[in-house]
Amino acid sequence: MRLGSGAFAASCVAIEVIGVAIFIRGFFPAPVRSSARSEHGAETPAPEPVAGVSSNWTKLPPPLFSKVVIVLIDALRDDFVFGSKGVKYMPYTTYLVEKGASHSFVAEAKPPTVTMPRIKALMTGSLPGFVDVIRNLNSPVLLEDNVLRQAKAAGKRIIFYGDETWVKLFPKHFVEYDGTTSFFVSDYIEVDKNVTRHLDKVLKRGDWDVLILHYLGLDHIGHISGPNSPLIGHKLSEMDSVLMKIHTSLLSKDRETLLPSLLVLCGDHGMSETGSHGASSTEEVSTPLLLISSAFERKPGDIRHPKHVQQTDLAATLAVGLGLPIPKDSVGSLLFPVIEGKPMREQLRFLHLNTLQLSKLLQENVPSYEKDPGFEQFKMAEKLHGNWVKLHLEENHSDILLGLGTKVLRQYLGALKTLSQSLSTQVAQYDMYSMAVGTLIVLEVLALFLLSTPHVLCRKAELDVPLLSPVFSLLFYLVFLVLSAIHVLVCTSSESSCYLCSLSWLAAGAVMLLVSALFCAILSALIRMIIDSTLLKKNAADASSGWSEVNLLLLLGTVGHVLSLGASSFVEEEHQTWYFLINTLCLALSQETCRSYFLGDECEPQRHSHVEQKCVNLLACPLQDSTSYNTPESGTAGKRVSHLEAQASCKWWTVLASPWLVLLCCRLLRSLNQTGVQGAHRPDFSHWLTSSDHKVQLSGLAALSLVVIFMLVQRRCSLVSKVALALGLLGVFCYRAAIGIVQFPWQSDNKGISKGIIEARFVYVFVLGILFTGTKDLLKAQVIATDFKTKTVGLWEMHSGLVLLAALLLRPHNLPVLAFSLLIQTVMTKFIWKPLRHDAAEITVMHYWFGQAFFYFQGNSNNIATIDISAGFVGLDTYMEVPATFLTVFGTYVGPVLWASHLVYFLSSEGNNSRLNIYPPVGVSMEGRR
């Protein structure tokens, strides 16, 4: 079956998408959900269990609180309340924790620790998945059963002020609301004032039952300057005064009502040491949960230490406190201290309703629920509870009743804990079978594409895909039967649900056919490649190998990195893989330069030897555009790098020293930012620079980096672009000085800071100007000019504009990363790629390697918490989704983007100069002149 290069690539992409879709379906398991939906009306609550007689308690218990106020402080870490910062900046809250009528907890937030999934967890009691990270950018309406829906159905009036995410999740639940933009992280003052300004008016009124306040300022400060910023203390003091105002108002109202009020202080997630969130570090998942009410009066000497609970426990607790049904999808358990002071019968009633709800959820989502220890504990507790109710209805008040009640209580609490853990584990279970099949398809397509790449690199090339013959071979049917047997075995023995097993036999059979066909195609392509290479060696006059050490390193390193992604530990510490590959590449290049300059032509590895020359002459026809490639004769002579030729182009010692200079730069960059999971907490140079005591050193380093950036970039720019670049880089420093991160020598340290809107927009003007100039040159070269010089200058000016934008978005301590990136690009271009005449494929792979390494040199990782979203709001005075998203993505991927743009410039300039040796690949069927 003959396919053109475009059709073959399109087929590979289509099959790759299928494999990735199957993998993602297994990686994001189906959430734990109840089949009974709330749209069908409120269900009748289960009656109280009783042995032999009918119970007279068949309704929900009455509410425990008349009003509930929820104060949610975004990114509030537990040590901000219970640690030294709480003692220093939140004295009133500390008093309530230590001596007041309150119960304090450390609530664990499951990852992903971003706002929208955490709000869902607080209100539904369920565990959102990582797919909600994407939905966090544009929160959809929450359709799951939740506390606010139950409260609205019960006629309770709900008021909300704060993060507009709540308004998107619950659009018709609030009788009054005022939403604030959550993504504009540069604002940490007005965003909270817009919430507090409503307090005095609302607290005086009595026409509400639930009040929710979501403060964003603390989270925004963390994104801007981290958890150790002096701004954190001011914000905590502000929140402490807000809490005191609300609590004193509720206490005065409690004297006029029969039921007390409940004040809840909590955080949706924590804050990492860099000020971000989203992952699973202790700082990000540990949040304070403080329940304050006059019903929780403590005796003198009663010391209550914060207990560790799950964040999902709040939904069940709020539902019980408001006299509402527990949300059907909740996996949380009731916080027992809230009901500890109630009569024994009420305590058992609350616990029975919670364990019954969890047991129903377990039955609907776990096939083997009867074997679950939590379900067995629940059945035992329910039976004992019935005996206790029977004795209680018989008005038996002996010690036996008290002892039995205590035993039932412990049994319920144990069942609650076990059931909650079982359901939480069910949410975290991956569909390993679907993930394995998806991974197999992806790897098969990748292998087939790699084996066929040399045949499809040229335009108008055709590839003979070995597909039809294996389909009808014995091997194909054998593989298909083996895979079908494995499928039947997995689907019949698995206790958990599996996506592929839920498909029809026709669909599952099609997947097995696809896997079998790809396997046979790969095997056939591999055999053909071996036969072709053997024939080429026999026909060649010189059978020397065309693979140098650098070639082998680039191939094996890339393939090895792809294979390493199959292990989660290698994904978490992927930066170590790239650091190792870059260092090894520098050593290999050093060996190549030494051999080229000391051993001369005799020992020079001829990457394009007579073997390749004869293969090209035999198998490749002349191309229509002969200027795109060097002739084999000129290529053979040009590939050899003699000592005299290198001396003519550059100093020999600079070429020998350049790999070691690159290696030194990479080592320095590794010390700047620690990243990954294992080493992110270790001290590094960036933490030292960003501390308030070293602002002078940070300012000097940032200024020096900007000067180096200008010197490296301006050499190929036009005069207008040079002036724009200089003014733009000056504006970058002015912007950082305006927001208080760096300072000028004459600037006082206590100068008031601003948002730097004017300074940042000043830089944007020059960025757009340089990009416009580059675009104009490219269009001019395309339409008018006949030489390539204008096009080359245009490409470099486009690259310069991206460099200026990167300098603006990167934090000052990361400006050396940008300077070193440009320095390494200059060194590699002048002293390695040109003198040693590496071909386009080698240079492309090297650019990819360095781009990936510089992604991690910035301090990034595969942890979502390392994304610096503050870059998306540089120069913006309001939230605009498209610009903010673009700037955040660009700021995160500065390294790969700049290396990719440099690759485009380099290949274009060197290709037009005919300096790159690009040969038609062997074994390609070329259409052209015959």
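Residue numbers start at 1 and run along the sequence shown.
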Any chance the side chains of [X] and [Y] put a donor and an acceptor closer than 3.5 Å?
X      : Y      : value
His575 : Thr675 : no
Glu797 : Ser721 : yes
His847 : His902 : yes
Arg716 : Tyr905 : yes
Asn673 : Gln858 : no
Trp849 : Thr558 : yes

- [ ] Decide if atom CG of Leu768 counts as having more than 12 heavy atoms of other residues, nucleotides or ligands within a radius under 6.0 Å.
- [x] yes

Open item on the list: Just checking Trp688: does its CH2 atom have more than 12 heavy atoms from other residues, nucleotides or ligands closer to it than 6.0 angstrom?
Closed with: yes

Look up atom [atom1] in [X] and atom [atom2] in [Y], then write down how far apart they are to the nearest 0.5 Å.
X      : Y      : atom1 : atom2 : result
Tyr579 : Tyr856 : OH    : OH    : 9.0 Å
Ile582 : Ile824 : CD1   : CD1   : 8.0 Å
Thr690 : Asp684 : OG1   : CG    : 8.0 Å
Phe855 : Thr892 : CZ    : OG1   : 7.0 Å
Thr829 : Ile843 : OG1   : CD1   : 8.0 Å

Is it true that [X] and [Y] have ring centroids separated by less than 6.0 Å?
X      : Y      : value
Phe762 : Tyr735 : no
Phe854 : Phe820 : no
Trp578 : Tyr848 : yes

Open item on the list: I'd like to know whether His223 forms a side chain to side chain donor-acceptor pair (under 3.5 Å) with Ser870, so could you lay out the CA-CA distance, the side-chain angles of the two residues, the decisive distance to 0.1 Å, and finally the verdict.
Closed with: CA-CA 6 Å; His223 284 298; Ser870 64; over 6 Å; no

N/O donor-acceptor pairs under 3.5 Å from side chains in residues 697-708, not counting sequence neighbours:
from	atom 1	to	atom 2	distance (Å)
Ser699	OG	Lys695	O	2.7
Ser699	OG	Gln743	N	2.9
Ser705	OG	Leu701	O	2.8

Open item on the list: Tell me whether Asp868 is salt-bridged to Arg811, with the criterion being a basic N under 4.0 Å from an acidic carboxylate O.
Closed with: yes

